[in-house]
Chemist: 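Structure below; questions to follow.
In this text the structure is predicted, and so the values were computed from the model without any measurement.
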Amino acid sequence: MSAKKTLLSVLLSTLLPASAALAAANDTLIYCSEASPESFNPQIASSGPSFVASSQVLYNRLINFDPVKNTPVPSLATKWDISPDGKTYTFTLRQGVKFNSNKFFKPTRDFNADDVIFSVMRQKDPKHPYHNVSGGQYEYFHDVGLDTLITDVKKIDDYHVQFVLSEPNAAFLADWGMDFASILSAEYAEAMQKKGTPEYVDTWPIGTGPYALQQYKVDSLIRYIANPNYWDGEVPTKHLIFSITPNVQTRLAKLQTNECQIIPAPAPVQFAEIEKNNDLTLHSVDALNVGYLAFNTAKKPFDNVLVRQALNYAVDKEAIINAVFMGSGSVAKSPLPPKMLGYDAKLKDYGYDPEKAKALLKQAGLEKGFTTDIWSMPVQRPYNPNSRRIAEMIQSDWAKVGVNAKIISYEWGEYLSGMRKGEHTTALFGWMSDNGDPDNFADVLLGCDSVKSGSNAAQWCDKGYDDLVKKARLVSAPAEREKLYQQAQEIFYQQAPWLTLANGKTFYATRSNVTGYSVSLMGSDFSKAKLN
């Protein structure tokens, strides 16, 4: 990964000289990003910073989400029709949408059905000429099961595309608002393939979004320029710069000195400092997320449900919320976030009970305890703003019942890769909703198929649970889906594949003269952002 990034950095830096300073002007907005993107193609990325830098700036998708209702609304598709059996979706595409251009390519046509088919089939078909370009990993597409769910994609005409499914799927429409569903240019891909540089589609991207890429310097900055022909209206800020700033303290310092005008994910301990500064504004958004510690149920002793239940009882979750979240989160008890369809508000939780934990460990034959690891995330997230501190508090609580845990951390890419391979014993992780549908949590994170794909960090496969969430995906009636998810949550509670921790709010901070920037289920929207 580092070698690829270095090559890309050299390539792009030679194409456009970097300015010595990032000075804010009325036509320039600077965002302090948390990390360098893995890729500028969201189909092959898996991290939040990568999606912000790619899909949320450079691309559009067939649908968007209403920021209040979290329901699908038109984007590159203006409408859609669903067959009575729920197995055929026909999208009507928006006309007159222009692609951006770059030094390698200038489009000769508008967005059309060919671009949708290319964007889908590259991910679905192993024989597609672009499938193996840039590594050929399409984790999200596989995690949500679209590789098997979609049996055919048909071009009806330039502005109508039809998807044929193997079975009804209540989450299918919402999937097309997710980052991985960004629409790429088939014409650009064909041109780069003829030139022998197909990787440029991913490293020097062209999309229909509000901005085009100008320059990338790895671990330093990304420069974008506004799309002059953006279909969704004029982009008010001509220049957008990502100043890559992994350290949360440095991000706040840059905001205070106006080196950045927007920062993501300030730490809870910084909230008071931000709020007392008249030049800064702290923003919060109710989010659909869950933070948890996954027990690797494929490894002893976590294959024993008594051990998993014991270590749930051993942790004081209220203390973690009070010490780490400082009002920015609440205790989680379900794999589904509150306010999501199917969430069971009456679901029982494991209260803090060390004596009960000791009794269960004794019943499991581990009265003297055991030794294990806790993988701690190297990044901050709304569902886990301080992973090291949470790991230390869990470590302390477990020690009180005889379980000695060593805290381990890795670079984020290595962490994700290792967890997908099941190398951990226990690991802190979490999930933020991609599409507002409960299937995005219940099945993607805990379904049996997700053990194979790697998104099920608990390596847990329970047939009863799996049957319920798969059935919930097949039905469209909300009340029926809700009952099925509530039954599944009861099995989750009994089997305890996770130690659920928190549901957190999403926070970001801006200079007070920033308007138009927003954060929602779809992530960051820079298309209307400007300095006043």
Chemist: Show your reasoning for whether side chain to side chain contact (heavy atoms under 4.5 Å, CB included) applies to F118 and H128.
Modeler: CA-CA 9 Å; F118 168 78; H128 191 280; 3.6 Å; yes
Chemist: Does some side-chain heavy atom of W80 sit less than 4.5 Å from a side-chain heavy atom of P72?
Modeler: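 P72 reaches W80 side chain to side chain.
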Chemist: What class does the angle between the rings of W431 and F441 fall in, given that below 30° is parallel, 30 to 60° is tilted and above 60° is perpendicular?
Modeler: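 Plane angle over 60°, so perpendicular.
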Chemist: Please walk me through it: do D525 and S527 pass side chain to side chain donor-acceptor pair (under 3.5 Å)?
Modeler: CA-CA 6 Å; D525 183 359; S527 66; 2.7 Å; yes
Chemist: What do the steps show when you test H239 against I225 for side chain to side chain contact (heavy atoms under 4.5 Å, CB included), and what is the final call?
Modeler: CA-CA 5 Å; H239 300 286; I225 190 164; 4.2 Å; yes
Chemist: Please work out whether the ring planes of H283 and Y508 are parallel, tilted or perpendicular, with thresholds of 30° and 60°.
Modeler: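 H283 vs Y508 ring planes: parallel.
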Chemist: Does any part of the side chain of V153, heavy atoms only, come nearer than 4.5 Å to the side chain of K124, both counted from C-beta?
Modeler: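 No, every pair of side-chain atoms sits at 4.5 Å or beyond.
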Chemist: Would you tell me whether D85 and S83 have side-chain atoms, one donor and one acceptor, within less than 3.5 Å of each other?
Modeler: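 There is such a pair between these side chains.
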Chemist: Yes or no on side chain to side chain donor-acceptor pair (under 3.5 Å) for N60 and S75, after CA distance, side-chain angles and deciding distance?
Modeler: CA-CA 7 Å; N60 299 116; S75 182; 4.6 Å; no
Chemist: Does E234 come within less than 4.0 Å of K530, counting only side-chain N to carboxylate O?
Modeler: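 Salt bridge between E234 and K530, a charged N being under 4.0 Å from a carboxylate O: no.
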Chemist: Can K470 and D449 be said to form a salt bridge (Lys or Arg N to Asp or Glu O under 4.0 Å), step by step?
Modeler: CA-CA 10 Å; K470 280 184 168 52; D449 291 341; 3.5 Å; yes
Chemist: Do T151 and S166 have side-chain N/O donor and acceptor atoms under 3.5 Å apart?
Modeler: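 There is no such pair between these side chains.
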Chemist: Answer yes when R122 and D202 have at least one side-chain N-carboxylate O distance shorter than 4.0 Å, and no when they do not.
Modeler: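 Yes, R122 and D202 are salt-bridged.
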Chemist: Side chains of P337 and Y343, heavy atoms from C-beta outward: is any pair under 4.5 Å?
Modeler: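 Counting from C-beta outward, P337 and Y343 never come under 4.5 Å.
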Chemist: Determine, using ring centers only, whether Y211 and F242 are less than 6.0 Å apart.
Modeler: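 So the answer is no for these two rings.
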Chemist: Y465 and W460: side chain to side chain contact (heavy atoms under 4.5 Å, CB included), yes or no, with the steps?
Modeler: CA-CA 10 Å; Y465 174 94; W460 179 67; 3.7 Å; yes
Chemist: Determine whether Y200 and V133 make a side-chain contact, defined as any pair of heavy atoms from C-beta on separated by less than 4.5 Å.
Modeler: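 No; the side chains remain at least 4.5 Å from each other.
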Chemist: Between S453 and D143, do the side chains contain an N or O donor and an N or O acceptor separated by less than 3.5 Å?
Modeler: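 Checked: S453/D143 side chains pair up, N/O donor to acceptor below 3.5 Å.
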Chemist: Give a yes-or-no answer on whether the side chains of D66 and T71 include a donor-acceptor pair shorter than 3.5 Å.
Modeler: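 Per modelled atom types, D66 and T71 side chains form no pair under 3.5 Å.
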Chemist: Would you say N102 and Y188 are linked by a side-chain donor-acceptor pair, where the criterion is simply a distance under 3.5 Å?
Modeler: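 Side chains of Y188 and N102: pair found under 3.5 Å.
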Chemist: With a 6.0 Å cut-off (strictly less than), is the heavy-atom count around NZ of K452, excluding the residue itself, greater than 12?
Modeler: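 Counting neighbours around NZ of K452, 12 or fewer heavy atoms of other residues, nucleotides or ligands fall under 6.0 Å, so no.
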Chemist: Looking only at side-chain N and O atoms, does D179 offer a donor or acceptor that is under 3.5 Å from a partner on S55?
Modeler: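 S55 vs D179: donor-acceptor pair found between side chains.
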Chemist: If you measure from the Lys or Arg side-chain nitrogens to the Asp or Glu carboxylate oxygens, is any gap between K528 and D232 under 4.0 Å?
Modeler: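 D232 and K528: salt-bridged.
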Chemist: With a 3.5 Å cut-off and no angle check, do the side chains of S524 and Y517 form a donor-acceptor pair?
Modeler: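 A pair is found: one side chain offers a donor N or O, the other an acceptor, under 3.5 Å apart.
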Chemist: Give the C-alpha distance, both sets of side-chain angles, the deciding distance and a yes or no for side chain to side chain contact (heavy atoms under 4.5 Å, CB included) between Y485 and D439.
Modeler: CA-CA 9 Å; Y485 284 123; D439 185 70; 3.7 Å; yes
Chemist: Any side-chain heavy-atom pair from Y31 and P264 closer than 4.5 angstrom?
Modeler: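 Yes, their side chains come closer than 4.5 Å.
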Chemist: Is the shortest side-chain heavy-atom distance between Q43 and S119 below 4.5 Å?
Modeler: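 Yes; the side chains approach each other to less than 4.5 Å.
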Chemist: Is the ring pair W498/Y292 parallel, tilted or perpendicular, if the boundaries are 30 and 60 degrees?
Modeler: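 Rings of W498 and Y292: parallel, under 30°.
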Chemist: Decide if the gap between the ring center of F105 and the ring center of F99 is smaller than 6.0 angstrom.
Modeler: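 No, the ring centres sit 6.0 Å or more apart.
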Chemist: Go through the steps for S376 and S387 under the test side chain to side chain donor-acceptor pair (under 3.5 Å), then give the verdict.
Modeler: CA-CA 6 Å; S376 173; S387 184; 2.9 Å; yes
Chemist: Side chains of L499 and K317, heavy atoms from C-beta outward: is any pair under 4.5 Å?
Modeler: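 Yes, at least one pair of side-chain atoms sits under 4.5 Å.
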Chemist: Could you walk me through whether D81 and T90 pass the side chain to side chain donor-acceptor pair (under 3.5 Å) check?
Modeler: CA-CA 5 Å; D81 297 296; T90 304; 5.9 Å; no
Chemist: Looking only at the side chains, is there a donor atom on one of Q215 and R223 sitting less than 3.5 Å from an acceptor on the other?
Modeler: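 Present: a donor and an acceptor within the cut-off.
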Chemist: Not counting sequence neighbours, which residues clear salt bridge (charged side-chain N to carboxylate O under 4.0 Å, His left out) with E187? List them please.
Modeler: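 Salt bridge (charged side-chain N to carboxylate O under 4.0 Å, His left out) check on E187 returns nothing, list empty.
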Chemist: Aromatic contact between F163 and F172, with the criterion being ring centroids under 6.0 Å apart: yes or no?
Modeler: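 Ring centroids of F163 and F172 are less than 6.0 Å from each other.
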